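Quick note on labels: first sequence line is chain A, next is B, and so on, each numbered from 1. Keep in mind the model is a prediction, meaning the values are calculated, not measured.
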Number of protein chains: 4
Amino acid sequence: METTRRQVGTQAGAEAEVAERGGLRAEKSWHILRAAAKVFARSGYFNSKVSDVAREAGIADGTVYLYFKSKDELLSSIFSAAMDEFIRRARAELAGIVDPREQLRHFAYLHFASLERDRDLAIVFQIELRQSTKFMEQFSSAQLAEYFQIIREIIETGQQRGLFRPQLSARLVAKFLFGALDEMATNWVISHSNASLTAMVDPVMEIFFNGVSSNHAQV
Amino acid sequence: METTRRQVGTQAGAEAEVAERGGLRAEKSWHILRAAAKVFARSGYFNSKVSDVAREAGIADGTVYLYFKSKDELLSSIFSAAMDEFIRRARAELAGIVDPREQLRHFAYLHFASLERDRDLAIVFQIELRQSTKFMEQFSSAQLAEYFQIIREIIETGQQRGLFRPQLSARLVAKFLFGALDEMATNWVISHSNASLTAMVDPVMEIFFNGVSSNHAQV
Amino acid sequence: METTRRQVGTQAGAEAEVAERGGLRAEKSWHILRAAAKVFARSGYFNSKVSDVAREAGIADGTVYLYFKSKDELLSSIFSAAMDEFIRRARAELAGIVDPREQLRHFAYLHFASLERDRDLAIVFQIELRQSTKFMEQFSSAQLAEYFQIIREIIETGQQRGLFRPQLSARLVAKFLFGALDEMATNWVISHSNASLTAMVDPVMEIFFNGVSSNHAQV
Amino acid sequence: METTRRQVGTQAGAEAEVAERGGLRAEKSWHILRAAAKVFARSGYFNSKVSDVAREAGIADGTVYLYFKSKDELLSSIFSAAMDEFIRRARAELAGIVDPREQLRHFAYLHFASLERDRDLAIVFQIELRQSTKFMEQFSSAQLAEYFQIIREIIETGQQRGLFRPQLSARLVAKFLFGALDEMATNWVISHSNASLTAMVDPVMEIFFNGVSSNHAQV
DNA sequence: TATGAATGAGTTTTCATTCAT
DNA sequence: TATGAATGAAAACTCATTCAT
C-alpha cells in the first residue's frame, strides 16, 4: 500500500497560490513572513534582528511594523499561517478519502510533506517555535487543538468502523501519533538529513498500526 | 502486567543522596542547580535573571560564576546532571530485568517518574531546554545519544529473541518511542495536569507494543 | 625673529568650519566627538560612562553607537579627527614658508596652538590617549607616522641647504623634537598652567637649534 | 668622549641586591612587585587581574593585600621603588663626576640603562604608568620632581661654570631633556626594538648640547 | 504607505577587595 | 601571616519599537 501523493505542490507553487488569494496587503504580509522564516531558520529567532528580516524582505525596518505588531508576532504568524494552510488542505484532501487508516496515513504524509518542501519552515516549526513557555502554552492550545481534533475524529471513526481497537483512548492515541511524527520531523531537521522525510510515512504508520510486538503476543 | 515500581525515591531523598556523594563543591554546585531549575521553571529561562537564581540559592550573584561559567551553562548543566543520573539509574535497574518488553516498560516508567517527582526539572526539560538550535544540536548529539542507544539495544535484543518484529529498524523504533513518551511528558507539563504521568506508562506501552489496529489487520 | 601667527582660528571658528564641510551625519558625528572630548577631559576616559557622553551631547545612549562602534572608537576618533585636521593645516601652511628653520618653528607653533585653543583636546591628547599599549601601538604607527614624516622632510631639506648639521640622523632629530614638544605640552596640561603654551615655541626652538652648550664647545 | 659605563649591574644582580637590603617583608614585597611588573607588561594594567599577579608570584590572592592596599598601589609602587633606586644610584654615581656635561650624559645613561636592563619595567614606565590623570598628577609632582631637580642642579652648575648658556631657563632645559629622553625610551619600547637604548645616549646628548643648526647660525 | 534615525530599557559578567579560618 | 571563597557594585552595548517626515 503506497503513500498517497496527492498534489502537495511545490514551494514556488504555494507562494503563488497564497499571493493570488490575498490582496496586495496580504501579499506583502506573506512576503515578510517568508523573509522572517528564512532569517529565523538561518540564525535562530533570538539571534535574528528585525532589521535582518527587513533587509531580507527588501523593506525598511519600520515597514515590518505596519504588518506585524512585534517580532514575536512574526514568529507566531509563521506558525498560524502555516497551520491554517495545513489544516485547510488536510480537511479538503481527507474529505476525499474513505478509509480512516488511509486518512491517517495521508495526514502524516501532509505533515511531513509540508515540512519537507520548505526547510525554513521546518526549522522554525521544530526548533524555533519551541522556545518559551509563552508559545507552548499560548499557541498549543489555540491551533494545535484543531490538529489533534482531526486525528481524534479519524481515530474515533476508525474505532466505530472496527478498524482501530475500541478500548483505546482516542485522545491518547492522537498524542501518541503526534509525538512520533514530531520526533521524526525534529530528527530530520537536526540531523540536516538529505533523506526524504515523507519516505518515513509508511514505516512510521506501520508501527503505529501494528505495534512492535511480533506475532501480536499481548504484553 | 504491572508497571514496575522499583524505588525511584522522592525528590528530597534524591537531594540528600547526591549531596553525600559529592564533596562540598559538588554539593554547592548542585544546590545552585536546584535553585536555577526552580527559577527557570517559574519564569522561563529568558525571563530569569542570574540574580534571581542567586537569590533563590541564597548566595551573591558573583558566586554563581564560581561554579558555572555562564547562565547558559546553568541550563545545560541541569540537563547533563539529570541525564547522567537518569542513565546511571536506568542502566543499573534494567540490568535486573530479563524480558526486553519489561525493560522497555521500566525505561518508560523511569523516564516519566523522573519528571513526575520533580516538576521543576520536568518544565525545564520539556519547555526551556527546547529553545535555540544551540541546545538542540549541542546536547542532543552528546547525551541523548546514549538515551537512544539504550532503547535500541533493548529493541535489538527483543528482536533476536523473537519478541519484536525483526524487520523493523531499531533506530526508527527508538525514535518512535521517544517521540511518544516526550509528547506525553510535554502535554503533562503544559496542561498543568495533576494526573499521574507514570500512570500513562502502561497505556502508552500497550499501543507501542500492539499498535492501534484491531484484529491486527495489516494495513 | 617672531613666531609666525597665521590665522589658526578660534575653537568656535573651527567648529563651524568642520560642520559646514561635512553633511548632517558628519556634523552630528563631530558634535558627539566634542562632547566626548569634554567628558573625557573632565573625568578621564575610564571614569567616563558612555551615558555621560550621550548626556553631554544631548542624545540618547544608543545614538552614540549609531556613529561610533565602541567607547574605544570614541577615543581614537578624537585623535584621528584632530590629527587629520592638524596635518592638513600643517601641510597647507608650511607650503607657504621657505626657510626650513621657520617651517619647523611654525610646525611647533601649530602643534602648541592646536592644543592651547582646545584644552579638552589637549587633555585627551596628552593624558587619556596614552593609556594602554593598544592605543600606543595602534595609532602611533598609523597617524603619528605622518607627523614624524613632516618633521623629517623639513630636517632633510634643511640639511641639504646647509642649515642643519648633515651628520645628524633626521629620524633621531624628529623624535628628539617631538619628545621636547610633547613634554612641554604634557607639562602645560598637568600643571593646569594659565601661561601661554605657544609662548614656549621660541625658547624651545632656540634650544633645539642651538643646543645648551655655551660658546659652542664641542662636548 | 665615551659614554661612561659604571657598573650598572644585571637584572639578576639588582634583584639580589634589593633583597638583601630589606628584611623578609621587604623581600616578599619586592617579589610581588616583580611579578606585578611582569604581568602588567605582558597584558597591560587594566587587563591584568590581581589574581594574575598573585599566581605569577606564587601566592594567594589575599596575600597581595597584606603587602599592598590596592591594585593601584601595586602600579604606583613599581614606579616608586624604581624611582627611589634610580635616584639613589644617580646621586651616588653623579657625586663622583666633576664635569656637568658628563654628569648629564651619565644621568641619561642611567635613565636608559635602567629601562634597558628590565624591559618589564620599561613597558610599565613608558606605557602603563601613563594611564589616568590620577597617576600623571599624583606621582609626577611627588617623585618626578626630584628627577627634574637633579637635572636642574646640574644645569645650573654648568651655567655657573660657563659651560651652558646662562640665559636659558634651567627649568625649561630640564623639561626639554626629559622630553627627548622619554620619547626615545617610549619609541624603543613601542617598536619592540632589539637595538640598544643606551647606544642612543651619545647621539641624543650631542644634539642636546650643540643643537641642530650648522655653523651655529643664530636662528 | 514607507522610511530609518533615534530611543532607552535592560542584564550578564567581571574582578578588586574582604574576612573567616 | 596566609588563604581563597565569597561578595556585589558597576557599565557597555543591543535592538525592538516609535514617529516625524
Side-chain angles (χ1 to χ4, degrees), chain A residues 24-25 28-29 32 45-55 57-75, chain B residues 24-25 28-29 32 45-55 57-74, chain C residues 24-25 28-29 32 43 45-55 57-75, chain D residues 24-25 28-29 32 45-55 57-75:
Chain A
L24 271 155
R25 182 176 178 83
K28 189 149 195 179
S29 177
I32 295 172
Y45 178 74
F46 276 94
N47 294 320
S48 300
K49 299 168 213 160
V50 172
S51 64
D52 293 338
V53 174
R55 191 177 324 108
I59 57 175
D61 294 14
T63 306
V64 172
Y65 288 87
L66 296 176
Y67 294 85
F68 300 94
K69 71 169 181 293
S70 69
K71 186 186 173 189
D72 243 55
E73 201 186 86
L74 234 27
L75 185 61
Chain B
L24 262 94
R25 184 176 179 82
K28 189 146 196 179
S29 180
I32 295 171
Y45 177 74
F46 277 95
N47 294 317
S48 301
K49 295 172 233 152
V50 172
S51 64
D52 295 336
V53 175
R55 192 179 321 109
I59 57 175
D61 293 16
T63 307
V64 172
Y65 290 87
L66 295 179
Y67 294 85
F68 300 94
K69 68 173 180 295
S70 68
K71 186 185 171 188
D72 241 56
E73 201 186 87
L74 233 28
Chain C
L24 262 94
R25 183 174 180 85
K28 189 147 196 180
S29 180
I32 295 171
S43 319
Y45 177 74
F46 278 95
N47 295 318
S48 300
K49 293 171 234 154
V50 171
S51 65
D52 295 336
V53 174
R55 191 177 324 110
I59 57 174
D61 293 16
T63 306
V64 172
Y65 290 88
L66 295 178
Y67 294 85
F68 301 95
K69 69 172 180 295
S70 68
K71 187 185 170 188
D72 242 56
E73 201 185 88
L74 233 26
L75 185 59
Chain D
L24 272 155
R25 181 174 179 86
K28 189 150 196 178
S29 178
I32 295 171
Y45 177 74
F46 277 94
N47 294 319
S48 300
K49 299 167 212 160
V50 172
S51 65
D52 293 338
V53 174
R55 190 178 322 108
I59 58 175
D61 294 15
T63 306
V64 171
Y65 289 86
L66 296 176
Y67 294 86
F68 301 94
K69 72 170 182 292
S70 70
K71 186 186 172 188
D72 244 56
E73 201 186 88
L74 233 27
L75 185 61

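- Residue contacts shown for D/Y67 are limited to sugar-phosphate atoms, with no base heavy atom under 4.0 Å away.
- Across E/dT7, F/dA12, F/dA6, the shortest atom-to-atom separation from the side chain of B/K28 is found for F/dA6.
- The CG atom of B/D52 sits 12 Å away from the C1' atom of E/dT12 (whole-angstrom rounding).
- Between D/I32 and D/L74, the closest side-chain pair of non-hydrogen atoms falls below 4.5 Å.
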Worksheet item: Given the rule in the side-chain contact (heavy atoms from CB on, under 4.5 Å) test, do C/I59 and C/V53 qualify, once you have shown the distances and angles that lead to the verdict?
Response: CA-CA 9 Å; C/I59 57 174; C/V53 174; over 6 Å; no
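- In a base pair of the Watson-Crick type (N1 to N3 plus N6-O4 or O6-N4) or a G-U wobble (N1-O2 and O6-N3), with each distance short of 3.5 Å, F/dC15 is matched with E/dG8.
- Whole-Å rounding puts the A/R55 CZ to E/dT3 P distance at 14 Å.
- Nearest to the side-chain atoms of B/L66 among the listed nucleotides F/dA5, F/dA16, F/dA12 stands F/dA5.
- We find that NZ of D/K49 is positioned 8 Å from P of E/dT14, with the value rounded to whole Å.
- The 5' end of DNA chain E is approached more closely, in terms of each residue's nearest nucleotide, by A/T63 than by the other of A/T63 and B/Y65.
- Using the Watson-Crick or G-U wobble rule with both distances under 3.5 Å, E/dT21 pairs with F/dA2.
- Computed from coordinates, the B/F46 CZ to F/dC15 P distance equals 12 Å when rounded to whole Å.
- Heavy atoms of B/K69 sit nowhere under 4.0 angstrom from any nucleic acid atom.
- In this structure, the OH atom of B/Y45 is 13 Å from the P atom of E/dT11, given to the nearest Å.
- For the pair D/K71 and D/Y45, the cation sits on the ring face: its NZ or CZ lies under 6.0 Å from the ring centre, inside 45° of the axis.
- Although no hydrogens or angles enter the test, the distance criterion places a donor-acceptor pair under 3.5 Å between the side chain of C/N47 and the main chain of C/S43.
- Closest to the D/I59 side chain, of the nucleotides F/dT3, F/dC13, E/dT11, is F/dT3.
- A/S70 comes within 4.0 angstrom of the backbone, heavy atoms only, and of no base.
- Nucleotide F/dA10 has E/dT13 as its partner under the Watson-Crick or G-U criteria, with both atom distances under 3.5 Å.
- Across the protein-nucleic acid pair, A/I32 atom CD1 and E/dT1 atom P stand 11 Å apart, rounded to whole Å.
- F/dC13 atom P lies 8 Å from atom NZ of C/K71, rounded to whole Å.
- One interatomic measurement links the two molecules: CZ of C/R25 to P of E/dG4, which rounds to 13 Å at whole-angstrom precision.
- Expressed to the nearest 0.5 Å, how far CG of C/L75 lies from OG of C/S70 amounts to 9.5 Å.
- Under the salt bridge (Lys or Arg N to Asp or Glu O under 4.0 Å) criterion, A/K49 pairs with no residue at all, not counting sequence neighbours.
- Closest to the B/A60 side chain, of the nucleotides F/dG8, E/dT13, E/dT3, is F/dG8.
- Of the candidates F/dA6, E/dT12, E/dG4, E/dG4 carries the atom nearest the A/D61 side chain, counting heavy atoms from C-beta on.
- Among the nucleotides E/dA16, F/dA12, E/dT12, the one closest to any side-chain atom of B/V50 is E/dT12.
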